[in-house]
Amino acid sequence: MGLQMRGRYDMMPRAMRELPKAYEPTQVEEKWQRRWQEEGCFHADAHTAKPTYSIVIPPPNVTGVLHMGHVLNNTIQDILARRARQEGKEVLWLPGTDHAGIATQARVEKELTKETPPRTRFDVGREDFVKMVWAWKEEHGGIIIKQLKKLGCSCDWERERFTMDPGYATEVARVFVELFREGLIYRGLRMVNWDPVLLTALSDEEVIMTPSKSKLYTIRYRLEDDPNRWLLVATTRPETIMADVAVAVNPKDPRYADMLGKKVIRPLCEAPIPIIADEHVEIGFGTGALKITPAHDRVDFEVGVRFGLQIIDVLTADGHINCPGCPELHGKERFEARDLSAELLRQKGLLEKEEAYENNVGISQRSDVPIEPRLSMQWFLKYPCVQEAKDAVANGDIVFRPAHWAKTYMHWLDGIQDWCISRQLWWGHRIPVWYRKGMASELKEAAKLDVTDANAGRIYVGVEPPTDPENWVQDEDALDTWFSSWLWPFATMDADCRAKFYPTSDLVTGPDIIFFWVSRMIMAGYRFEGAKPFSNVFFTSIVRDLQGRKMSKSLGNSPDPLDLIERYGADGLRFGLMRIAPTGTDVKFDEKQIEEGKNFANKLYNAARFRMMQGEASSSPAPKFSPVHIDILAKLKQLHTQLANALGKYEFNACAQALYSFFWNEYCSLFLEAVKNDLREGADPAVRNATLSTIDTVLRHYLSLLAPIMPHITEELWESLGYAARYGGKPLMLTELPDDTALLSGLEDSEIALACATATALYETANRARNLKAEYNLATNKNVRLVLKPAVPIEADLAGRLALLVGAKETDVEQDYTAPRGTPTALTPLGELFLPLEGLVDVQAERDRIAKELLQIAKEIVKSETKLSNPSFVQRAPAEVVQQEQARLRDWNEKKQHLIAMQAALS
RNA sequence: GCACGGGUAGCUCAGUGGUAGAGCGGCUGUUUUACACGCAGUUGGUCAGGGGUUCAAAUCCCUUCCCGUGUACCA
């Protein structure tokens with residue numbers, strides 16, 4: 001090998017025969033991940049003058065392990081980041097993890113239950129428990145970060161953040177204090193979604209309305225003053241009857257008009273309760289009478305408020321009945337109590353009927369049990385900058401892709417409700433509010449606490465604890481995890497970093513967290529930084545299994561990405577996934593596709609290996625280019641454009657597709673197969689130089705273009721092909737994209753067009769010849785002779801390439817060739833092509849073949865003639881289209897004539 | 001209920017008015033010196049159904065059906 005070896009990226013000469021035939025990704029990938037990091041390739045400098053590109057990672061839960069959704073999401077971010085580096089930008093991809101209050105706390109609590117004897121966090125105590133969670137986080141919390149590194153993510157790991165880092169915690173508190181002072185954060189007694197397993201309030205977004213099979217019970221309520229009159233009430237929750245304080249009917253319902261103002265006897269925990277009239281009750285549903293249970297239903301609560309009704313709470317925090325007045329039910333679990341109460345009513349003869357019924361039940365996203373509407377003292381946030389958030393997306397300051405998600409976003413913002421931000425958890429940011437000692441119990445009951453209470457000195461709200469802590473007691477609650485996540489795009493950055501990299505460029509995330517995260521970040525960005533947090537939001541598809549089901553642990557249908565990386569390589573996984581990732585819809589995951597990614601890596605490796613087996617090109621004699629060289633360079637130039645366009649539209653599947661098809665089909669199958677003889681011994685050195693330099697040009701450009709998707713193998717080949725040393729002496733990932741305008745710069749457009757047409761004709765001709773061979777059952781590798789009766793001038797070079805492509809020993813170009821009777825013939829763009837089969841001629845077979853082809857052509861001709869004989873078409877279609885159709889018809893007719901002539905020669 | 005997305009070859013998906021495509025799979029041939037993770041050939045389609053607009057519809061409009069997602073709820 002005559003490679004020039006110098007610099008630290010040099011490659012030691014290796015005997016090419018020792019290069020393994022198959023690409024083995026594992027070691028290569030580990031090596032480059034290590035080297036990139038050692039050399040600080042991922043580090044973002046906040047002080048350069050370069051244009052910036054920045055992304056903040058959607059922080060995975062610190063309890064998380066990598067799943068396919070993460071792979072999709074982070075591969076896309078990595079592609080964007082790597083491509084931006086190639087374009088000369090200063091790139092920050094900021095990584096980190098989320099403390100995930102509920103998930104992480106639950107994780108450690110689970111460990112406690114495994115102890116003997118089992119313990120709960122209450123046995124441990126708040127301070128020690130929080131210490132335990134921190135310890136767990138230090139030991140197990142980094143798993144997903146390691147996994148992201150294995151995927152090749154080029155995050156600036158020096159800037160890794162955690163949502164409970166000290167600096168971050170300060171930001172969270174600062175924001176709380178500011179919003180409190182502004183009056184947007186307040187504490188109030190409200191109906192909230194209560195999780196009876198986790199014993200905390202949840203936001204509306206954390207409740208999933210799920211259709212469930214329930215029962216609708218119709219129950220008899222006796223009128224107080226008439227033992228023979230009954231009011232029938234339908235309910236799905238008989239276990240809350242003891243908390244009924246009224247029965248409501250629609251004021252327009254004639255059936256009950258005379259009952260208004262009277263009382264019925266509550267059938268359990270008996271007591272008279274009024275019959276009231278409320279518009280809210282639908283006449284047509286059930287019996288038209290609705291039991292009002294303000295403590296256990298949101299709507300009933302509002303009715304209760306309107307009518308000044310009493311609130312009777314008969315459920316404990318963990319979902320058990322608390323009603324000593326009804327000893328049969330007191331202390332029973334809520335669902336057990338439901339059946340039991342129905343039974344009790346039946347025994348009393350008060351259960352009119354019981355029917356199967358499907359209704360929507362709110363399920364806790366976290367604990368998977370039905371939530372309870374519960375009256376509870378919680379902290380709420382009235383969202384800031386709602387209008388700015390709407391405007392930004394409406395006027396295009398922030399672009400959603402796919403665009404239709406903007407509708408979902410707007411809809412949510414239109415109906416936005418105050419956010420319940422307090423959680424009865426220990427792991428998380430504790431609410432920075434302190435109550436004056438001695439007043440604590442009084443304040444606990446206060447209907448609403450707000451900024452005036454701080455002014456009155458009853459409470460203290462501050463980033464720092466009060467200076468006289470002995471006089472204060474801190475609020476017990478922690479903040480919703482999303483109350484820290486919504487600050488992620490700026491709270492992760494110091495002042496310099498913010499100055500350079502905020503607002504960020506792109507956000508890549510799943511549409512399932514538009515409300516949880518995306519919308520809230522936008523509002524926070526405007527409120528606290530006075531600017532949008534990002535310019536583009538790319539919503540990835542949701543990865544599903546082949547049956548279309550969401551991937552989940554319980555279904556066991558979620559492949560382990562690390563296992564996939566092991567078997568197919570990170571590059572294979574990335575490429576395979578990008579190839580099937582559609583824009584705008586779900587992606588059905590098929591492992592076969594990942595295998596394709598691996599196969600593609602192998603193809604690339606072998607194409608590079610082929611190059612390494614050749615010597616070096618030399619400057620003399622001057623390279624003699626032929627049409628196939630020019631053709632592949634023109635296609636390469638096209639690929640540059642295609643990729644830039646697809647990336648601009650975030651069409652990653654189109655990128656992968658274009659890269660795949662260029663390399664496999666155009667470069668390997670056509671170009672390389674056409675030029676192999678140029679590299680054999682005895683070939684014209686000028687042609688050899690043209691071929692080698694073309695190969696190098698293509699590979700050099702191609703590795704750069706592919707690098708963002710398959711960073712490891714391209715980096716490896718960049719080095720081992722010697723390009724690192726030759727083009728800039730830097731790793732590929734820090735090398736700028738080569739300039740595609742320099743390709744073919746010395747040639748006129750017309751020359752290029754002619755060369756491409758010639759190459760295309762050559763490939764088509766080869767194709768026809770291969771068909772002929774196959775139809776005559778001649779093995780691919782069977783050396784045959786071709787004769788070409790040229791329709792255009794054929795250079796010897798071209799004839800040679802044709803023979804090579806077809807697997808023929810030669811192509812004779814003979815203007816006056818007369819084929820023996822029955823010789824298989826094809827009409828090709830280069831002329832009539834014969835496949836003389838000395839002694840093997842099968843006249844009948846050739847006749848059949850021609851007849852078959854004629855049949856096909858006849859159909860096309862009919863189609864075309866029908867079209868052209870339609871006057872409307874000729875008159876109304878654009879002239880261009882008509883001409884095109886006419887040309888097609890001429891072509892078909894010409895072919896037909898030719899085939900008929902051949903047929904005649906056979907008879 | 002409302003909104004959004006989707007229905008194209010056995011499978012996964014491209015295809016924004018002008019000759020229905022790719023990869024995989026199937027079948028046939030092939031160990032030719034980069035690659036059998038390969039090469040060559042080939043087989044697969046009422047573009048969900050119906051109607052409309054148009055010279056021309058997978059593509060635009062209407063409608064029905066099916067799948068998915070979000071959202072609102074009636075106890």
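Lettering follows sequence order; numbering is per chain, from 1.
A:Glu591 and A:Tyr568 are linked by a side-chain donor-acceptor pair at a separation below 3.5 angstrom, with hydrogens and angles left out of the test.
Salt-bridge check for A:Arg888 with A:Glu860: passed, with a basic side-chain N closer than 4.0 Å to an acidic carboxylate O. Between A:Glu279 and A:Arg306 there is no salt bridge, since no side-chain N of the basic residue sits under 4.0 Å from a carboxylate O of the acidic one.
Contact annotation for A:Lys291: no contact, since no heavy-atom pair falls under 4.0 Å across all strands. Backbone-only engagement by A:Val299 is indicated by non-hydrogen atom pairs under 4.0 Å involving sugar-phosphate atoms exclusively.
Here the nucleotide nearest the side chain of A:Trp664, chosen from B:C4, B:G38, B:A34, is B:G38.
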Nucleotides 14-23 of chain B: protein proximity per nucleotide (B base, S sugar-phosphate only, - neither; heavy atom, under 4.0 Å): S---BBS-SB

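Counting atom types as modelled, A:Glu673 pairs no side-chain N or O with a base atom of B:A40 as donor and acceptor under 3.5 Å.
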N/O contacts under 3.5 Å, protein versus nucleotides 31-33 of chain B?
none

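The phosphate of B:G38 has neither OP1 nor OP2 within less than 4.0 Å of any side-chain N or O from A:Asn602.
Every residue meeting the ring-ring contact (aromatic ring centres under 6.0 Å, His included) condition with A:Trp664, not counting sequence neighbours, appears here in chain and number order: A:Tyr660.
Both distances falling under 3.5 Å, in either a Watson-Crick or a G-U wobble arrangement, place B:G70 opposite B:C2.
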